[in-house]
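For reference, the structure discussed in these notes is given below.
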Amino acid sequence: MQTRIPPIQCLLTFEALARLRSVTLAAEELCVTPSAASHRIRQLEQSIGAKLFSRSDFSLTAAGNDYLTHVREGLSLLQKFPVNTSGSGKCKLRLAAPPTFLRTVLIPRLHQFIEAYPEIDLILHLANPMQDALPKDGDIMIRYGSGAYGDVEHVCLMTDDVTPMASPAYLREHGPFDTPQDLLGQSLLRSPLEPWLTWFAGNDLDWPEPLEGSHFNDLGLMCDAATAGLGITLGRVKLAAPWLANGTLMRLYSNDVASPNAYYLCWGTDVMQRWECVAFSNWLRKSLA
């Protein structure tokens with residue numbers, strides 16, 4: 001009778017759980033939910049007909065300890081298999097992300113990923129910052145929002161603070177800006193992606209969202225507009241790092257306010273069963289930590 005080989009994702013989950021002794025940590029490493037990791041372990045135990053863990057502390061049973069030896073040997077052999085990194089043999093990984101995140105956060109780090117994973121071709125797509133659904137031409141997507149995404153699996157990548165920024169020329173002409181109240185009557189650049197109400201509330205300003213002033217649906221473009229002296233932008237500190245570093249934008253105040261939103265890596269069902277997706281997710285999270 002032919003022996004049924006358990007799914008590779010079940011074996012990877014078993015090895016991670018045996019090593020980390022935590023469903024949460026194993027799930028994070030494999031980029032799945034804890035419930036999915038637990039389901040894989042149950043599936044593996046049913047497949048081989050043996051109990052692998054003591055459920056109280058995730059210590060291995062005698063059968064689990066013996067099985068782990070064979071699983072690690074098998075995984076080690078698979079990892080030693082030569083990978084064809086030329087031409088069509090490369091893996092294709094399609095990522096959709098907002099344009100300013102790609103330009104200021106991902107691209108400066110991307111050479112590290114390419115050097116670490118030359119067998120993966122990363123295909124980048126611009127995503128509408130207001131888009132909620134996964135694009136048809138993307139395997140994984142980066143969103144900026146609340147994290148209340150019931151339609152996809154997701155993990156938080158990066159939080160950010162917001163603060164008013166303007167060009168040195170604008171500050172010289174319209175300053176000084178000693179207190180938050182000095183913003184009254186100034187030209188405030190606006191975007192639905194980053195409402196001013198967040199910073200107003202964090203600085204005890206009972207002001208409504210501005211209804212006048214130039215309006216942008218791209219934060220990088222809004223930073224460029226502020227650099228050109230068109231007004232004051234509410235910038236995300238990490239996202240605006242290139243403008244702050246080269247001095248084309250300056251903070252008006254030191255009292256930053258945490259944005260209620262964050263950057264999330266999102267993916268659909270079964271995507272993280274592909275090793276290249278797991279590799280990119282793990283690399284990106286470590287790079288942004």
Side-chain angles (χ1 to χ4, degrees), residues 97-109 126-132 142-148 156-264 284 287-289:
T100 306
F101 181 92
L102 285 175
R103 182 171 56 163
T104 68
V105 177
L106 182 60
I107 295 299
R109 295 172 168 83
L126 294 181
N128 185 330
M130 304 298 290
Q131 181 174 330
D132 289 331
I142 294 173
R143 293 182 186 174
Y144 188 81
S146 65
C156 184
L157 288 175
M158 185 179 81
T159 59
D160 211 341
D161 296 336
V162 295
T163 193
M165 304 175 186
S167 69
Y170 188 96
L171 295 180
R172 288 192 299 268
E173 181 177 353
H174 300 278
F177 293 91
D178 298 320
T179 68
Q181 286 76 12
D182 293 331
L183 289 179
L184 190 63
Q186 295 296 325
S187 176
L188 303 183
L189 306 181
R190 302 176 298 133
S191 173
L193 304 174
E194 203 61 74
W196 276 93
L197 286 179
T198 298
W199 196 83
F200 290 165
N203 287 274
D204 299 321
L205 296 175
D206 188 19
W207 295 355
E209 186 70 22
L211 299 177
E212 297 181 353
S214 299
H215 194 273
F216 302 85
N217 66 356
D218 177 76
L219 296 183
L221 187 60
M222 190 163 68
C223 285
D224 288 337
T227 297
L230 300 186
I232 301 171
T233 181
L234 183 63
R236 297 175 192 162
V237 176
K238 295 176 183 177
L239 201 67
W243 289 273
L244 293 171
N246 64 25
T248 54
L249 285 182
M250 299 180 66
R251 302 183 193 214
L252 275 66
Y253 309 103
S254 60
N255 44 343
D256 303 343
V257 175
S259 172
N261 298 315
Y263 288 97
Y264 291 87
L284 185 57
S287 178
L288 298 179

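Quick caveat, the model's predicted, so the values are computed rather than measured.
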Query raised in the report: Looking at residues at least two apart in the chain, or sitting in another chain, which of them share a side chain to side chain contact (heavy atoms under 4.5 Å, CB included) with Leu288?
Result: Phe101, Val105, Arg109, Leu157, Met158, Leu284
Query - Main-chain N/O of Pro208 paired to Trp196 side chain as donor or acceptor, under 3.5 Å - result: no
Report task. Drop me the distance from Leu219's CG to Thr100's OG1, to the nearest 0.5 angstrom. Result -> 5.5 Å
Query raised in the report: Checking Asp218 side chain against Pro99 main chain: does a donor-acceptor pair fall under 3.5 Å?
Result: no
Query raised in the report: Below 4.5 Å, heavy atoms only, C-beta onward: do Leu252 and Asp182 meet side chain to side chain?
Result: no
Report task. Measure the spacing between CG of Leu197 and CG of Leu205 and express it to the nearest 0.5 Å. Result -> 10.5 Å
Report task. Under the side chain to side chain contact (heavy atoms under 4.5 Å, CB included) rule, collect the residues that match up with Pro195, sequence neighbours excluded. Result -> Glu209
Report task. Taking salt bridge (Lys or Arg N to Asp or Glu O under 4.0 Å) as the test, write out the residues that go with Arg190, two or more places apart. Result -> none
Requested in this report: With rounding to the nearest 0.5 Å, note down the distance linking CG in Leu239 to CG in Leu244.
Outcome: 10.5 Å
Query - Expected output: side-chain Ser259 to main-chain Val162 donor-acceptor under 3.5 Å - result: no
Query raised in the report: Do the side chains of Ser214 and Met222 get nearer than 4.5 Å, heavy atoms only?
Result: no
Requested in this report: With sequence neighbours excluded, give me every side chain to side chain donor-acceptor pair (under 3.5 Å) pair touching residues 223-248.
Outcome: Glu194-Arg236, Asp224-Trp243, Arg236-Tyr263, Asn246-Thr248
Query raised in the report: Just by distance, do the side chain of Ser187 and the backbone of Gly231 share a donor-acceptor pair under 3.5 Å?
Result: no
Query raised in the report: Going by heavy atoms in the side chains, are Leu183 and Trp199 under 4.5 Å from each other?
Result: yes
Report task. Would you please name every residue forming a salt bridge (Lys or Arg N to Asp or Glu O under 4.0 Å) with Asp256, sequence neighbours left out? Result -> Arg251
Requested in this report: Could you pull out the closest heavy-atom pair between Tyr144 and Leu193, with the gap in Å?
Outcome: CE2-O, 4.5 Å
Query raised in the report: Got a second to check how far Met250's CE is from Ser167's OG, nearest 0.5 Å?
Result: 10.0 Å
Distance-only check: which donor-acceptor pairs under 3.5 Å involve side-chain atoms of residues 172-180, not counting sequence neighbours?
from	atom 1	to	atom 2	distance (Å)
Thr179	OG1	Gln181	OE1	3.3

Requested in this report: For residues Ile232 and Ala166, report the shortest heavy-atom separation together with the two atoms involved.
Outcome: CG1-CB, 4.1 Å
Query raised in the report: Side-chain contact, heavy-atom cut-off 4.5 Å: Leu234 with Phe200?
Result: no
